[in-house]
Amino acid sequence: IKGQSMLNHKRTLIAALVSVSLMGCGESTTQTEAKPQLTAQDAKQFLQQAQNDIAKMQVPAAHAEWSYATNINFDTAAVSAYFNEVLSTKVANLAKEAAKFNDVDVDADTRRQLDLLKNSLTMPPPADAAKAERLAKIGSDLSAMYGSGEYCSEDGTCKSLVEMSSEMATLRDADKLLEYWTGWREVSKPMAGLYAEQVSLANEGASELGFENVSALWRGKYDMPADEFPKELDRLWTQVEPFYESLHCHVRAKLGEHYGEDVVPQDKPIPAHLLGNMWAQSWGNIYDIVKPQQEMKVPDVTGALVEQGYDEIAMVKQAESFFSSLGFEELPDTFWERSMFQKPEGRDVQCHASAWDLDDKDDLRIKMCIQKTGEEFNVIHHELGHNYYQRAYKDQPLLYRGSANDGFHEAIGDTIALSITPKYLKQINLIDEIPDASNDIGMLMQVALDKIAFIPFGLMVDQWRWKVMSGEVTPEQYNQLWWELREKYQGVMAPVERSADAFDPGAKYHVPANVPYTRYFLAHILQFQFHKALCDIAGDEGPLNRCSIYGSEEAGKALNEMLEMGMSQPWQNALETLTGSPQMDASTIADYFAPLKTWLDEQNATRQCGW
Ligand code: X8Z
Ligand code: ZN
């Protein structure tokens, strides 16, 4: 029956396609009347077939991708590039077919699925097979360059990104920090040419699909007109900006005291190598430098994990048990057998943390090079959030198996991690006592360094990419624009002049890997909205920063209701399901951090803020 319906469907489509040329010689006036019309039924059949075809191909493609990411070599690269090309070409063809139903009167659900199919690719391949192959090859090469990248110092010792990142967290020697910072950015220099070539190939693919360019395609995935979406981001950023500026002001002043004002000039952006993170994207690691003078008890999760002898698996189990306490089913045995929790010896892997669903059934996995730190404990929750989301929507039609908008996927695990409060840490015996409220400024500072510092970074990466993808800047200007935006949004600057061949965006995973980044900006807003809604449901009446939803099955149920929806409805509806409002809104952030904002403004009273 399946084969039969496919044939019927193909016949109808082909008839529609060739009608004009077949009837080209003769009575042109009757062409439109004679053309067989596509029907709503054809659209449904088309979608059914398309989803079957994609589902079949997706599984081996995912296995190839997993093999590559967990073992980067010549052969795994070839196989993953092949599957990438074949699958993305298939989807591009289906997306083009979907456009044939643009003027057919179909129900809302069918229309949504057709639209999702048209919008689904990230880097659409051109129809020209050689170009499609080239695009896939570049993607796989860039990813390998990042994944196997290392910095070798003059004495011949080489360090991986994981090693340098972990040192930079506690390193306070500005020269050594600068060495790692510039060293890692050597890895991305050779990416520049490939990246520019990739942009033009993907733009060709996007234009064949009817998009102006890749930028328009990426901005068009948010259930609103592509040109409206950046305005929505501006609105959210405006809500957070004053708080970010207060935090920035205090952090710069403290860094100035620590490193000297010649290293950290007080009227300029902050040099990007001093913030405890390779990309200056979250600053939690320099809490010791910027913490309040008054002694404050802030849980030392890293210390507790080490002291209690947690290994990588124990950390993941602990994270799993949080989800279990909300009523989510335990992870399958295959999760434990097939995941990669540690960097293996003797082969290159893509250490950047990720969560996988190999078959849309229950083959869930994570891939991480776990470090035994509080920061990584959070990342584990982040990754598991992806897995539980994937599992929750697995029974939706394929085109609905995904994030309400891409920020939701990134926000789920982070939302859970916001519940890793002192109360929770005591419940699981990681700390002995819950610090009283007089310590809250310290704890809020710790969270703000991680979350608020991130927000402008989360915004600027795609501000850069949208301009790059739309051709507003040429490859010669790529790096300069990157630093203009880093300064504008984050108030950080390159610590040394960047050479003409530098390609610093390539030093951030998501650029060579072509993972859109606005999702993380959205996630950092959404997770506070989710946290508040879930705390209300859990009946926690204390301040938001002390609320933990651990053990609340009601909260788990409410969360799951949203997760199960997948992308079956506009994200505004999913948001409303959980929070009661269809609007993304950063005012929850202001509430969460209100005492810290007051404190920062007192500290900054005599300082000259801004850059
Ligand atoms: O890439 C990630 C996750 C995997 S989706 C670890 N994140 C962004 C990053 O590391 O740059 C999480 C926060 C931002
Ligand atoms: Zn993620």
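Just so you know, ligand 1 is whichever comes first in the structure, and atom 1 is the first atom listed for that ligand.
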Atom name in Glu410, limited to N/O/S, at shortest distance from the Zn ion (ligand 2): OE1

Atoms of ligand 1 close to Glu410 [distance to a heavy atom under 4.0 angstrom, numbered from 1]: 5 (S)

Residue Glu383 vicinity, atoms of ligand 1 by number, heavy atom under 4.0 Å: 3 (C), 4 (C), 6 (C)

Per-atom contacts, ligand 1 versus Ala353 - under 4.0 Å to a heavy atom: 4 (C), 6 (C)

Atom indices of ligand 1, in the order listed, that fall short of 4.0 Å to a heavy atom of His382: 3 (C), 4 (C), 5 (S), 12 (C)

Contacting atoms of ligand 1, where contact means under 4.0 angstrom from a heavy atom of Phe454: 14 (C)

N or O pair under 3.5 Å between Ser354 and ligand 1: no

Atom 10 (O) of ligand 1: nearest protein contact (heavy atom, Å): His352 CE1, 3.4 Å

Shortest non-hydrogen contact between Gln463 and Leu485, atoms and distance: C-CD1, 3.8 Å

Where ligand 1 meets Lys508 - atom numbers and elements under 4.0 angstrom, heavy-atom basis: 9 (C), 10 (O), 11 (O)

Numbered atoms and elements of ligand 1 in range of His386, under 4.0 angstrom, heavy atoms: 5 (S)

ring-ring contact (aromatic ring centres under 6.0 Å, His included), paired with His409, selected from Tyr388, Tyr393, Tyr520: Tyr393

Geometric class of the Tyr244/Trp611 ring pair [parallel <30°, tilted 30-60°, perpendicular >60°]: perpendicular

Donor-acceptor pair between Gln527 and Asp414 side chains, under 3.5 angstrom: yes

Aromatic ring pairing Tyr517/His510, orientation class (parallel under 30°, perpendicular over 60°, tilted between): perpendicular

Quiz item: cation-pi between Arg465 and Trp218, 6.0 Å / 45°: no

Numbered atoms of ligand 1 (with element) below 4.0 Å of Gln281, judged on heavy atoms: 9 (C), 10 (O), 11 (O)

Residue His386, metal the Zn ion (ligand 2), N/O/S under 2.8 Å: yes

Residue-ligand contact Tyr517/ligand 1, heavy atom below 4.0 Å: yes

Pairing of Arg486 and Asp504 as salt bridge, 4.0 angstrom limit: no

For atom 5 (S) of ligand 1, closest protein heavy-atom neighbour: Tyr520 OH, 3.1 Å

Heteroatom proximity flag, His524 to ligand 1, N/O under 3.5 Å: no

Pair Asp234 + Lys231: basic N to acidic O under 4.0 Å: no

Ring geometry between Phe322 and Tyr550 (parallel below 30°, tilted from 30 to 60°, perpendicular above 60°): perpendicular

Under 3.5 Å side-chain donor-acceptor pair for Asp223 and Gln569: no

